[in-house]
Structure formats: C-alpha cells, structure tokens
Amino acid sequence: MYPMAPLIRTALNTTARVAPGPAGRWAFRLFVRPLGRAKVKPGERTLLAAARTGTLHVRGEEVVTYAWGDGRRPVLLVHGWSSRASRLGAFAEELLARGYSPVAFDAPGHGDSSGKASNIAEYREIIRELHARHGDFEAVVAHSFGVLASLFALRDGVRTARFVGLGGVGSFTMLLEGFRAGLRLDERVVRAMRGYVERRLVPGEPGVWDRFGADHAPDELGAPVLLFHDEGDDMVPLAQARFLARAHGDRARLVVTRGLGHRRILTDPGVVAEAVAFATAGSDVEPAVTARDGVSSTAW
C-alpha cells in the first residue's frame, strides 16, 4: 500500500519512542497524502469542458471548483479519497437534466487542484465556502471519505435538504486504524499524530475526535439520508454503511448493491437514477434496508 513501508514503519516507531512530536508530524503528513492523483477519464471530458470553473484559496492551496446549470437549486457533489470531482459526473448530468445546478470541487492534492495532501478540515472549509457562494443546497451527494467530510461540514453550519452517501466512511477511527494496521505502527505513533492534529489542524475545537465521526449529533443534520453501499466493497466495509444508517435512525435508508464495488457504484444507471430521484424529490424516506440485484434484505 505504501512504498518503502518497512523503512517507514521502523523510522516512525523508533522516533515515537524518543521524539513523539516529530513522529506525529511525519505520520500525519503521510496519513493525509493521497495514493496517486486521479486523471480525467475520456467519458468525463465533455462534462468538465461544459463547467464554469473557479478557484478557492484554502490554507495556501488553490482549489479548483466546478459549477453547471443556471445556479438555481444547487446540489453539492463531494468526491472521495484519491479521486476527483469528475468521478461524480453521472450524477451531475442527471441533475442537469432535471434542472438542478451541480457544484463540485477537487480537494487539495486531488484532480486539478494544487498541493500534495488534504484532510477533513480542508474539506470542511471548502464546503463552507461553496455554501457561502451558492446558498443552501437542495442535496449533497458524497462518495467514500467525502461522506465523512460532508457530514462533518453539515453539522457545522452548512445546510442541505437531503443527503446521499455512496460507499461512505462513517468512522474516522476506522481510517486511523487502517493506517496504523497497514504500516504496523505502534500505538504511540497514532497518539502522537492525534496530538499533532489537535494542536495544529483544529486548535481550539474541543472534542473534535468525536465530532469527526459521522455518528456524532446526527440530529444536527436534520435531513433525510439515502445510503448506497456494495456488499463487496473492497475499500470501505458494508459495516460502515450500517453504522451510518443506525446513527441517523428513522431519517435514513440503506440500499445494498451487489457487484458494483467501491467505484462502479458511481456510474451504475440504477444507483444514479434512484439517488437523483431522492435528491430532487424532497420526500421523507422509510427506515429500511433495500435489497438490489439479489442481495438479501437485512435489518440494521
């Protein structure tokens, strides 16, 4: 997963014993760096060319933004980790066809934006800025890490009428544990990294680790939630979607798919149609798990 993992593991574990401050800083820089920069796919080029592009300046980085439509009824699209805005192009096209105005961005270190890294606080800041520019969103459609980051922003002043999550991460702790386990790092490295985040990334925000989690204060969202997750997702386990659905209770519905994985779920015509119909309908959802393509229906 990480080049030179054995060397990184030895260096961080050793440093954390004698100098936890530098170890936490170095671990954080590795943790927030995407594994490659996604390129535009041929099928995404026409939609990107039709967008009104702009820029935001966030923590020293230039963030590229995209907007389509006439500006009325904005819907925010939020990409996941090591991805880019164009991956949500199928949703943008369907929203445009219904008279809505999709808005998207490439996070720092992603797509056409500058930088080599990003983090949940930067996602929040970008989403806040787009909310200030475009007003309350008719819906937010987010994928993977974008689900976690969007819910963080939506509990902190950003408003939307509906929320759609695809292959979503619900627990920030899962990300930390995956990072620690992937490199086989000592717990002291993770503790040092957490300390660095508290001091440098989000100073003055008490209880921020609880607030990172998508299960924190779900009533503050106050919007119906529709979740899609594939049973064979190799990046984010289905348990994360069930966790999200339980947290949001009666406002949430989970659709479990088969054979779409973590990425094809973004282009499946059935998923796109159902997600956009929900995002543009304004009706409440029933608290249930829906089965698709032969998946057995189960309770949360």
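Residues take their numbers from the sequence shown, with the count starting at 1.
Leu154 has its side chain out of reach of Arg159: every pair of non-hydrogen atoms, C-beta onward, lies at least 4.5 Å apart. Looking at heavy atoms from C-beta onward, Arg251 lies out of side-chain contact with Leu226 at the 4.5 angstrom threshold. Residues Ser171 and Gln240 are in side-chain contact: their nearest non-hydrogen atoms beyond the backbone lie under 4.5 Å apart. Between Phe228 and Val164, the closest side-chain pair of non-hydrogen atoms falls below 4.5 Å. When side chains are defined from C-beta on, Val202 does not count as touching Arg211, because their heavy atoms never get closer than 4.5 Å. Using a 4.5 Å heavy-atom threshold, the side chains of Glu274 and Val255 count as touching. Considering only heavy atoms from C-beta on, Ile120 comes within 4.5 Å of Leu148 through its side chain. Val141 places none of its side-chain heavy atoms less than 4.5 Å from the side chain of Val78.
Applying the salt bridge (charged side-chain N to carboxylate O under 4.0 Å, His left out) rule to pairs touching residues 67-90 yields Glu44-Arg87, Asp70-Arg72, Arg84-Asp106, Arg84-Asp112, sequence neighbours excluded.
The closest donor-acceptor contact from the side chain of Arg180 to the backbone of Leu185 lies under 3.5 Å. With His262 contributing its side chain and Asp234 its backbone, the two residues share no donor-acceptor pair below 3.5 Å. Remark: the backbone N or O of Ala117 is not paired with any side-chain donor or acceptor of Arg33 at under 3.5 angstrom. Remark: the backbone N or O of Val276 is not paired with any side-chain donor or acceptor of Glu94 at under 3.5 angstrom. Of the possible polar contacts, one joining the Ser150 side chain to the Gly146 backbone as a donor-acceptor pair under 3.5 Å is found. The backbone N or O of Val75 sits nowhere less than 3.5 Å from a side-chain atom of Tyr100 that would complete a donor-acceptor pair. At least one donor-acceptor pair closer than 3.5 Å links the side chain of Ser101 to the backbone N or O of Gly71. Put simply, the side chain of Arg155 never gets that close to the backbone of Glu220: no donor and acceptor are under 3.5 Å apart. Side-chain N or O atoms of Thr14 include none that pairs as donor or acceptor with a backbone N or O of Ala11 at under 3.5 Å. A donor-acceptor pair under 3.5 Å links the side-chain atoms of Glu61 to the main chain of Gly115, judged by distance alone.
Placement of Phe243 and Val147 in two distinct hydrophobic clusters is found when ILVMFWY residues are connected by side-chain heavy-atom separations under 4.5 Å, directly or transitively. Criterion: ILVMFWY side-chain heavy atoms under 4.5 Å apart, direct or through other members. Under it, Leu175 and Val190 are not part of a common hydrophobic cluster. Note on Leu30 and Trp81: same hydrophobic cluster, where clusters join Ile, Leu, Val, Met, Phe, Trp and Tyr whose side-chain heavy atoms are under 4.5 Å apart, directly or indirectly.
Closest non-hydrogen pair, Ser113 versus Ala107, comes out as CB-O, 3.5 Å. Nearest heavy atoms, Val189 versus Asn13: CG2-OD1, 3.5 Å. Pairing each heavy atom of Tyr123 with each of Gly80, the nearest pair is OH-O, 3.5 Å. The minimum heavy-atom distance linking Phe91 with Ile265 is given by the pair CZ-O, 4.5 Å. Taking each heavy atom of Leu12 and Ala23 in turn, the nearest pair found is CD2-O, 3.7 Å. Taking both residues in full, the closest heavy atoms of Asn119 and Phe145 are given as C-CZ, 4.4 Å, listed atom of the first, atom of the second, then distance.
Using a 30° and 60° split on the angle between ring planes, Tyr196 and Phe28 fall in the tilted class, from 30° to 60°. Note: Phe137 and His131 have tilted aromatic rings, judged against thresholds of 30 and 60 degrees for the angle between ring planes. The aromatic rings of Phe172 and Phe212 lie tilted to each other, with the angle between the two planes from 30° to 60°. Classified by interplanar angle (parallel below 30°, tilted 30° to 60°, perpendicular above 60°), the ring pair His110/His79 is tilted.
Taking CD of Glu125 as the reference point, atom NE2 of His57 lies at 12.5 Å (rounded to 0.5 Å). The OG1 atom of Thr15 lies 10.5 Å from the CZ atom of Arg25; values are rounded to the nearest 0.5 Å. Here the CG atom belonging to Asp233 is positioned 10.0 Å from the CG atom belonging to Leu260, to the nearest 0.5 angstrom. The CG atom of Asp215 lies 10.0 Å from the CZ atom of Arg246; values are rounded to the nearest 0.5 Å. Note that CG of Asp136 is 12.0 Å distant from CG of Leu76, once rounded to the nearest 0.5 Å. Here the CD atom belonging to Glu122 is positioned 12.0 Å from the CG atom belonging to Leu56, to the nearest 0.5 angstrom.
A salt bridge does not link Glu129 to Arg124: none of the charged nitrogens lies less than 4.0 Å from a carboxylate oxygen.
Side-chain atoms of Thr55 and Glu62 form no donor-acceptor pair, as typed in the model, at a separation below 3.5 Å.
In the hydrophobic clustering, where aliphatic and aromatic side chains (Ile, Leu, Val, Met, Phe, Trp, Tyr) are joined below 4.5 Å either directly or transitively, Trp68 groups with Val40, Leu47, Leu48, Val64, Tyr66, Leu96.
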*Step by step, would you call Arg258 with Asp230 a salt bridge (charged side-chain N to carboxylate O under 4.0 Å, His left out)?*
CA-CA 5 Å; Arg258 171 179 292 162; Asp230 195 77; over 6 Å; no
*Please walk me through it: do Arg191 and Asp186 pass salt bridge (charged side-chain N to carboxylate O under 4.0 Å, His left out)?*
CA-CA 9 Å; Arg191 286 198 301 270; Asp186 292 343; over 6 Å; no
*For Arg98 and Glu93, what are the C-alpha separation, side-chain angles and deciding distance, and is it a salt bridge (charged side-chain N to carboxylate O under 4.0 Å, His left out)?*
CA-CA 9 Å; Arg98 291 175 180 244; Glu93 290 175 346; over 6 Å; no
*Please report the C-alpha distance between Arg162 and Glu138 in whole Å, then the side-chain angles of each, then the deciding distance to 0.1 Å, and finally whether the salt bridge (charged side-chain N to carboxylate O under 4.0 Å, His left out) criterion is met.*
CA-CA 7 Å; Arg162 290 166 289 283; Glu138 293 291 324; 3.3 Å; yes
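Crowding of Arg52 atom CZ: a count of heavy atoms from other residues, nucleotides or ligands under 6.0 Å exceeding 12.
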